[in-house]
Amino acid sequence: MKPFNLKSKALITVCVLLAMMTLTGCWDIRDINHRTLPVVLGISTVEDDQYKVFLKIPEPVEGSMEVKIVSGTGKTISHAVDVISRNMETSVDLLHVKVIMIERKTAEKGMKDIIAGFMRSREVSPKALVTICDQNMDEFFSILSESKNLKGTNMFDYFEKNAGWNPEIALTRIWEVYRSIHSYTRDVAIPLIVTGETTTYEQAGSAVIKNGKMVEQISNDETLLFNAFNNESTHGQIEVLNHASVMIIGNSMDHHTDLTDKQPVLKSRINLKVVVLETRGKTSSAMIKKELSHLLSSRFSSMLAKLQESEADILGLGQLYRTKIDRKELKNWRSIYYPNLKSDIQFQIDIQNEGYLRTT
């Protein structure tokens, strides 16, 4: 065996050094103190088809959390974010964005490019919530910046089920909007938000989105029914004419579908469990059930007629007919089948606390 000489040691040392140079290591990792982590990203369009982007950034200051709002304009959203990052002392990281807010006029023009860009770039989580600003976005963020109650995550808390969420608020994420754009049988509803007079935010109903474009608007009460129909949590209060107010605590549904000569027929039974919160005057469980069933049936029929006219299927009724319609015909669901759908929606009310009601 040949002796292990100095020349061999030098060769091994050179090889090791060369191998180490090929390792990436963590040379491009920025410390968290050098990164800006916005939680809200606002988008509007300005002249020359440019985007104006707003970032709501929480900043910890001496044991409290303050908020800074910055904005920038660019030919694309990424370009606008780069403009903001270029003028800041830290790097902007969008991975922690929780809420995407789009101005109404932009939503009415169409959001296909915006949503597709988010899905393609992966800079923003596809689970981020989407909302629409029902006022001028410059005005919206200007009012927020002057608010004394503004906190770093209060908009996200507005939609958080463990915080301020209410069943009259639709919950729609980026991936759901993207799915609806490429679906023949499912559209989405997105909450409409404005600044409140006595509260930070105020719900103005929900925007009906078809093929990535806002085509209609539903009220808060109709949004509650939309959530109930989609098996979303239904702990919401409903006023029942002049006799009582009740709260929905659970729901289930049964559907029967039929299709004859391109005429879809839907018979649905929606079972609601409710508790009575207040009563006014002499009333009974039978009276409350009758009035509540009439109120909800009327409200649901009005909402469905509005949706059929706009050819937007946010209830996903087309999903019930996918096995009954030829796949080549599914592309015509919104334009031919859906507007001609005949429905019979019945509400079955089950009052859980009848002991508190007079039965006479």
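Fair warning: this is a prediction, and the values are worked out from it, not measured in the lab.
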How many angstroms lie between CD1 in Ile169 and OG1 in Thr131, if you round to the nearest 0.5 Å? 9.0 Å
Taking Ser302 for its side chain and Arg299 for its backbone only, find out whether a donor-acceptor pair lies under 3.5 Å. no
Under 3.5 Å: donor-acceptor pair, side chain of Thr76, backbone of His79: yes
Keeping the roles fixed (side chain from Glu103, backbone from Met137), state whether a donor-acceptor pair exists under 3.5 Å. yes
Please check this pair: side chain of Ser183 against backbone of Thr185, looking for a donor-acceptor N/O pair closer than 3.5 Å. yes
At what distance, to the nearest 0.5 angstrom, does CD1 of Ile248 lie from CG of Leu272? 5.0 Å
Measuring from atom NZ of Lys56 to atom NZ of Lys68, what distance do you get when rounded to the nearest 0.5 angstrom? 14.5 Å
Ignoring hydrogens and geometry, is there a side-chain-to-backbone donor-acceptor pair from Ser310 to Leu307 under 3.5 Å? yes
Is it the case that Glu329 and Tyr337 place a side-chain donor and acceptor less than 3.5 Å from each other? yes
Verify, without hydrogens or angle tests, whether Asp49 (side chain) and Thr45 (backbone) share a donor-acceptor contact under 3.5 angstrom. no
Would you say the side-chain atoms of Glu202 and Thr195 include a donor-acceptor pair closer than 3.5 Å? no
Separation between CD1 of Ile114 and CG of Leu41, rounded to the nearest 0.5 Å: 10.0 Å
Is it the case that Gln348 and Asp350 place a side-chain donor and acceptor less than 3.5 Å from each other? no
How long is the straight-line distance from CG of Asp187 back to CG of Asn211, given to the nearest 0.5 Å? 6.5 Å
For Lys75, is there an ion pair with Asp48 - N to carboxylate O distance below 4.0 angstrom? no
More than 12 heavy atoms of other residues, nucleotides or ligands under 6.0 Å from NZ of Lys306: is that the case? yes
Looking only at heavy atoms, the pair that brings Met287 and Thr283 closest together is SD-OG1, 3.7 Å
For the residue pair Tyr321 and Trp333, is the inter-centroid distance of their aromatic rings smaller than 6.0 Å? yes
Give a yes or no answer on whether the side chain of Asn227 reaches the backbone of Pro167 with a donor-acceptor pair at less than 3.5 Å. yes
Do Arg334 and Gln308 have side-chain atoms, one donor and one acceptor, less than 3.5 Å apart? no
Steps toward side-chain contact (heavy atoms from CB on, under 4.5 Å) verdict (Ile143, Gln135): CA-CA 11 Å; Ile143 294 174; Gln135 68 188 100; 4.1 Å; yes
CG (Asp326) with more than 12 external heavy atoms under 6.0 Å: yes
Is the shortest distance from a Lys or Arg side-chain nitrogen in Lys267 or Asp254 to a carboxylate oxygen in the other one below 4.0 Å? no
No-hydrogen, no-angle side-chain donor-acceptor test under 3.5 Å, Thr73 and Gln50: no
What's the verdict on side-chain contact (heavy atoms from CB on, under 4.5 Å) for Val67 and Ile57, showing C-alpha distance, side-chain angles and the deciding distance? CA-CA 6 Å; Val67 172; Ile57 305 167; over 6 Å; no
Please round to the nearest 0.5 Å and tell me the distance separating atom CD of Glu278 and atom CE of Met247. 10.5 Å
Polar side-chain atom of Asp313 near backbone of Gly318 as donor-acceptor pair, under 3.5 Å: yes
Counting N and O atoms only, with roles assigned by atom type, does the side chain of Ser293 sit under 3.5 Å from a partner on the main chain of Lys289, one being a donor and the other an acceptor? no
For Asp113, I'd like to know if atom CG has over 12 heavy atoms of other residues, nucleotides or ligands within 6.0 Å. no
Does Glu309 CD have over 12 foreign heavy atoms under 6.0 Å away? no
Verify whether one side chain among Gln203 and Asn220 offers a donor that lies under 3.5 Å from an acceptor in the other. yes
Please check if the number of heavy atoms outside His294 that lie under 6.0 Å from its NE2 is greater than 12. no
Side chain of Asn136, backbone of Glu139: donor and acceptor closer than 3.5 Å? yes
Distance-only side-chain donor-acceptor flag, Ser206 / Thr223, under 3.5 Å: yes
Given ring-ring contact (aromatic ring centres under 6.0 Å, His included), test His255 with Phe229 step by step and report yes or no. CA-CA 11 Å; His255 301 296; Phe229 197 88; 5.3 Å; yes
Tell me the closest heavy-atom pair linking Ser343 and Leu304, and the distance in Å. OG-CD2, 3.3 Å
Verdict with supporting geometry, Glu108 and Lys213, salt bridge (Lys or Arg N to Asp or Glu O under 4.0 Å): CA-CA 5 Å; Glu108 291 175 338; Lys213 182 183 295 186; over 6 Å; no
If you take all heavy atoms of Leu259 and Pro264, which pair is closest and at what distance? CD1-N, 3.6 Å
